[in-house]
There are 2 protein chains.
Amino acid sequence: MISKELLKGSLKSIILKLLKENGRMYGYEITQKVDEITSGKIQLTYGALYPILHKLEKDGTVTTDNESVNNRTRVYYKLTKQGQSTAMEKIKELEEFIDTIRTILKPDFGLNNAIC
Amino acid sequence: MISKELLKGSLKSIILKLLKENGRMYGYEITQKVDEITSGKIQLTYGALYPILHKLEKDGTVTTDNESVNNRTRVYYKLTKQGQSTAMEKIKELEEFIDTIRTILKPDFGLNNAIC
DNA sequence: TTGCAATATATAAGAATCTTATATATTATA
DNA sequence: TATAATATATAAGATTCTTATATATTGCAA
């Protein structure tokens, strides 16, 4: 399990990446997907997830449409056109971030990091 | 420049990594070193740095000794024996973290991530 | 010689983010 | 019939970091 402390700040970028990858997702689905991809190492809590999704909707990054499946309401989230660019920027930034962290972690390998 | 948002949560681990690497450092030196290694992409602010260092001292992860150089006081920080284990755990966790993020970012490469 | 950049540490107020706990409701399974 | 899984939501609190500010010395440039 990755400590929640480390995760701080990257949750939004992770959500945007998944939305870009999968097109249209609902909250519960996002938590399941993250759990699946990371083999349980990252577990998104609902108290973190929903406030982020609501904020993304508020600032126009995503739009929602509701769907009722087996009498349970699902709120689907999808990137807007503007949200597509936001997502790309955030994902690029996240890539740059982990590359930079790797530079700190493996100073011996230096520029070889570029290979990966 | 890496956004400060992404950095949240990983600063402590970065500081511990540098202390493990260099043995004995003072605060200002740590900010310079991070700036140098990351080519200016990560810039540690003093408002973040010193509270972290003070906390590490308080919980026994580091010890300090003062030195006066050119009439300016330097506070040197060094890992304690207990701090060595803490640092190793935190660094391992940070490595696991970036590996996991890479899994999310590059789902196509799958297990090949292990090569790097 | 005067002012600015660099060196060096420190803290307080506030913003932002996330955790923990709680609430609600349905369906399927044991 | 009770529990697990599905599904969303929010409030209170902790934590972490940003921004601003304070202090003090040295060296360099105008």
Side-chain angles (χ1 to χ4, degrees), chain A residues 1-16 24-36 40 42-59 61-78 90 93-94 97, chain B residues 1-16 24-36 40 42-59 61-78 90 93-94 97:
Chain A
M1 255 286 270
I2 307 285
S3 83
K4 316 245 174 179
E5 193 186 348
L6 274 182
L7 237 33
K8 276 198 179 188
S10 40
L11 291 182
K12 186 152 79 182
S13 306
I14 291 172
I15 291 169
L16 289 173
R24 187 166 168 273
M25 301 180 87
Y26 55 101
Y28 188 78
E29 189 187 7
I30 292 175
T31 64
Q32 301 304 99
K33 196 75 183 176
V34 169
D35 188 86
E36 181 199 323
I42 293 181
Q43 281 175 3
L44 250 170
T45 59
Y46 302 115
L49 175 69
Y50 288 111
I52 291 175
L53 287 174
H54 297 331
K55 207 179 165 193
L56 289 174
E57 189 184 7
K58 204 176 157 193
D59 66 28
T61 306
V62 301
T63 45
T64 62
D65 59 300
N66 292 18
E67 207 176 293
S68 186
V69 178
N70 293 332
N71 262 37
R72 285 195 207 92
T73 300
R74 283 183 186 170
V75 183
Y76 274 97
Y77 293 86
K78 204 173 83 176
K90 283 281 179 189
E93 192 183 65
L94 186 56
F97 171 64
Chain B
M1 256 286 273
I2 307 286
S3 84
K4 316 245 173 179
E5 194 185 347
L6 273 181
L7 235 34
K8 276 199 179 184
S10 41
L11 291 182
K12 186 152 78 183
S13 305
I14 291 172
I15 291 169
L16 289 173
R24 187 167 168 273
M25 300 180 88
Y26 54 101
Y28 188 78
E29 188 187 8
I30 293 175
T31 65
Q32 301 305 97
K33 196 76 182 174
V34 169
D35 188 86
E36 182 199 322
I42 293 180
Q43 281 174 3
L44 249 170
T45 59
Y46 303 116
L49 175 68
Y50 289 111
I52 292 174
L53 287 174
H54 296 333
K55 207 179 166 192
L56 288 174
E57 188 184 7
K58 204 176 156 194
D59 67 28
T61 306
V62 300
T63 46
T64 62
D65 58 301
N66 291 18
E67 207 176 291
S68 186
V69 179
N70 291 332
N71 260 35
R72 286 195 206 92
T73 302
R74 283 183 187 168
V75 184
Y76 275 96
Y77 294 85
K78 205 173 81 177
K90 283 280 176 186
E93 192 183 68
L94 185 56
F97 171 63

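Letters go in sequence order (proteins before strands), and every chain restarts at 1.
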Nearest whole Å is fine: how far is [N] [atom2] from [X] [atom1]?
X	N	atom1	atom2	value
B/Asn70	D/dC28	CG	P	11 Å
A/Leu7	D/dC17	CG	C1'	17 Å
B/Asn71	D/dT26	CG	C1'	9 Å
B/Tyr50	D/dA20	OH	P	19 Å
B/Asp65	C/dT9	CG	P	12 Å
A/Leu53	D/dA7	CG	P	15 Å
A/Asn66	D/dA9	CG	P	8 Å
B/Lys58	D/dT15	NZ	P	11 Å

d(B/Phe97 CZ, B/Ser10 OG) to nearest 0.5 Å is 6.5 Å

What is the nucleic acid contact for [X], judged by heavy atoms within less than 4.0 Å: base, sugar-phosphate only, or nothing?
X	answer
A/Tyr46	base
B/Ile52	sugar-phosphate
A/Lys8	base
A/Arg72	base
A/Gly27	sugar-phosphate

**Asked** Side-chain N or O of A/His54 less than 4.0 angstrom from OP1 or OP2 on D/dT8?
**Response** no

From [options], nucleotide with atom closest to [X] side chain:
X	options	result
B/Tyr26	C/dC18, C/dT9, C/dA10	C/dT9
A/Lys55	C/dT17, D/dA9, C/dT26	C/dT17
B/Tyr28	D/dA5, D/dT10, C/dT9	C/dT9
A/Thr45	C/dT20, D/dT19, C/dA8	C/dT20

Do [X] and [Y] make a side-chain contact, defined as non-hydrogen atoms from C-beta onward lying under 4.5 Å apart?
X	Y	value
B/Leu16	B/Leu56	yes
A/Tyr28	A/Lys33	no
B/Thr45	B/Lys4	yes

For this session: Please work out which of the three classes, parallel, tilted or perpendicular, describes the rings of A/Tyr76 and A/Tyr26, given edges at 30° and 60°.
Result: perpendicular

Inset, instruction - Could you walk me through whether A/Lys78 and A/Asp65 pass salt bridge (Lys or Arg N to Asp or Glu O under 4.0 Å), step by step? - result: CA-CA 9 Å; A/Lys78 204 173 83 176; A/Asp65 59 300; over 6 Å; no

Of B/Arg72, B/Arg24, B/Arg74, the one forming a salt bridge (charged side-chain N to carboxylate O under 4.0 Å, His left out) with B/Glu67 is B/Arg24

DNA chain D nearest-nucleotide lookup for A/Pro51 and A/Thr73: closer to the 5′ end is A/Thr73

Ranking A/Glu5 and B/Val69 by the position along DNA chain C of their nearest nucleotide, the one closer to 5' is B/Val69

Please check if the side chain of A/Asp59 supplies one atom and the backbone of A/Thr61 the other of a donor-acceptor pair under 3.5 Å.
yes

Ordered by number, residues from residues 9-16 of chain B within less than 4.0 Å of DNA chain C (heavy atoms) are none

